[in-house]
Amino acid sequence: MPDPAAPGTLRPGGRTARIREAVLRVAGDALAADGFDALDLGEIARRAGVGKTTVYRRWGTPGGLAADLLADMADQSLPRADTGALEDDLRANARLVVKTLNDPRQGRLFKALIAASLCDEQAAEALHRFYAVRVGEWAGCVRDAVARGEVPDGTDPHGVVAAVSAPLYYALLNTGRPLAEADADRAARAVSTAARAGVWVTA
């Protein structure tokens, strides 16, 4: 049995992959519609057309299922931009975040997964891994900017990228208003300006 603290670390093929795809699709729909508290493995198995024993054996808990869903989402996320200018790269990142959070399904799904991370350790660890993967992917934009001399040596790439999406998630969770591309552009402009000024120099 796989380590339940790290579901989704195996990448099976064939029938096992089809089962995983079906279960994760149904789980995502359920989380987006009803939230983490309503995530029931038996009901997920029924809706996915999969044996209940299979679901319990592979995922074990709702937290394990949410964790595997996050691992799958990280795997399928788009690669970073490479425009040749830091602000343009960060704008592409911010606009992608806005597009995702404004999507009727994906926005609700992220809210549910964030809520799950506050009450379930497996979900919390998986959410941290998800953002580590995504921030790590886009950190190359900052490293390239350092190499071009756009921002100072020693600029923390992960800090810069994380700062771009922070106000967007704040708006999603705390204001309830729809996000706009102007929000993305403002975040990218503010962070790139701060980065050029050396705000994220750590060494």
- Task: Step by step, work out the side-chain contact (heavy atoms from CB on, under 4.5 Å) result for D185 and R95.
- Result: CA-CA 7 Å; D185 296 350; R95 287 188 175 189; 2.9 Å; yes

- Message: If I compare all heavy atoms of F130 with all of L70, which pair ends up nearest, and what's the gap?
- Response: CD1-O, 3.5 Å

- Co-membership, hydrophobic cluster, residues V133 and F110, 4.5 Å side-chain: no

- Straight-line distance of D68 CG to Q122 CD, nearest 0.5 Å: 10.5 Å

- Task: Dump the intermediate steps for side-chain contact (heavy atoms from CB on, under 4.5 Å) on H158 and W200, then the final yes or no.
- Result: CA-CA 9 Å; H158 292 79; W200 279 280; over 6 Å; no

- Indicate yes or no: at least one non-hydrogen side-chain atom of M73 is less than 4.5 angstrom from one of Q106. yes

- With sequence neighbours excluded, what pairs up with D29 under the salt bridge (charged side-chain N to carboxylate O under 4.0 Å, His left out) test? R105

- Item | Lys/Arg N to Asp/Glu carboxylate O, E43 vs R46, below 4.0 Å | yes

- Heavy-atom closest pair, residues L39 and P62: O-CG, 3.6 Å

- Pairwise side-chain contact, R80 with D144, heavy-atom cut-off 4.5 Å (strictly under): yes

Contacts under 3.5 angstrom, residues 166-176 side chains, donor-acceptor by atom type, not counting sequence neighbours:
| from | atom 1 | to | atom 2 | distance (Å) |
| --- | --- | --- | --- | --- |
| Y169 | OH | Y131 | OH | 2.9 |
| N174 | ND2 | Y170 | O | 3.2 |
| T175 | OG1 | A171 | O | 2.7 |
| T175 | OG1 | R177 | N | 3.3 |

- Item | Contact summary for I44 and A30, nearest pair of heavy atoms | CD1-CB, 3.8 Å

- Query: Got a second to check how far E87's CD is from R196's CZ, nearest 0.5 Å?
  - Reply: 6.0 Å

- Do you know the tightest heavy-atom contact between W138 and L96? CZ2-CD2, 4.1 Å

- What pair of heavy atoms forms the shortest contact from L127 to S117, and how long is it? CD2-OG, 3.5 Å

- Note on the structure: To the nearest 0.5 Å, atom CG of D72 lies from atom CD of E21 at 8.5 Å

- Query: How close do V160 and A195 get, heavy atom to heavy atom, and via which atoms?
  - Reply: CG2-CB, 4.2 Å

- Mind running side-chain contact (heavy atoms from CB on, under 4.5 Å) on D103 and L109 for me, showing each step along the way? CA-CA 10 Å; D103 181 86; L109 178 55; over 6 Å; no

- Side chains of R91 and T83: closer than 4.5 Å at any heavy-atom pair? no

- Applying side-chain contact (heavy atoms from CB on, under 4.5 Å), run through L65 and L24 and close with a yes or a no. CA-CA 8 Å; L65 184 53; L24 293 185; 3.8 Å; yes

- Query: What is the distance from atom CG of L113 to atom CG of D120, rounded to the nearest 0.5 Å?
  - Reply: 11.0 Å

- Query: Say you draw a straight line from NE2 of H128 to CD of E125; how long is it, rounded to the nearest 0.5 Å?
  - Reply: 8.5 Å

- Message: Tell me whether R108 contacts the main-chain N or O of P104 through its side chain, where contact means a donor paired with an acceptor under 3.5 Å.
- Response: yes

- Is there a side-chain contact between I19 and R58 (heavy atoms, below 4.5 Å)? no

- Starting at CG of N93, measure out to CG of L78 and round the result to the nearest 0.5 Å. 11.0 Å

- Polar side chain donor-acceptor pair, E137 to S77, under 3.5 angstrom: no

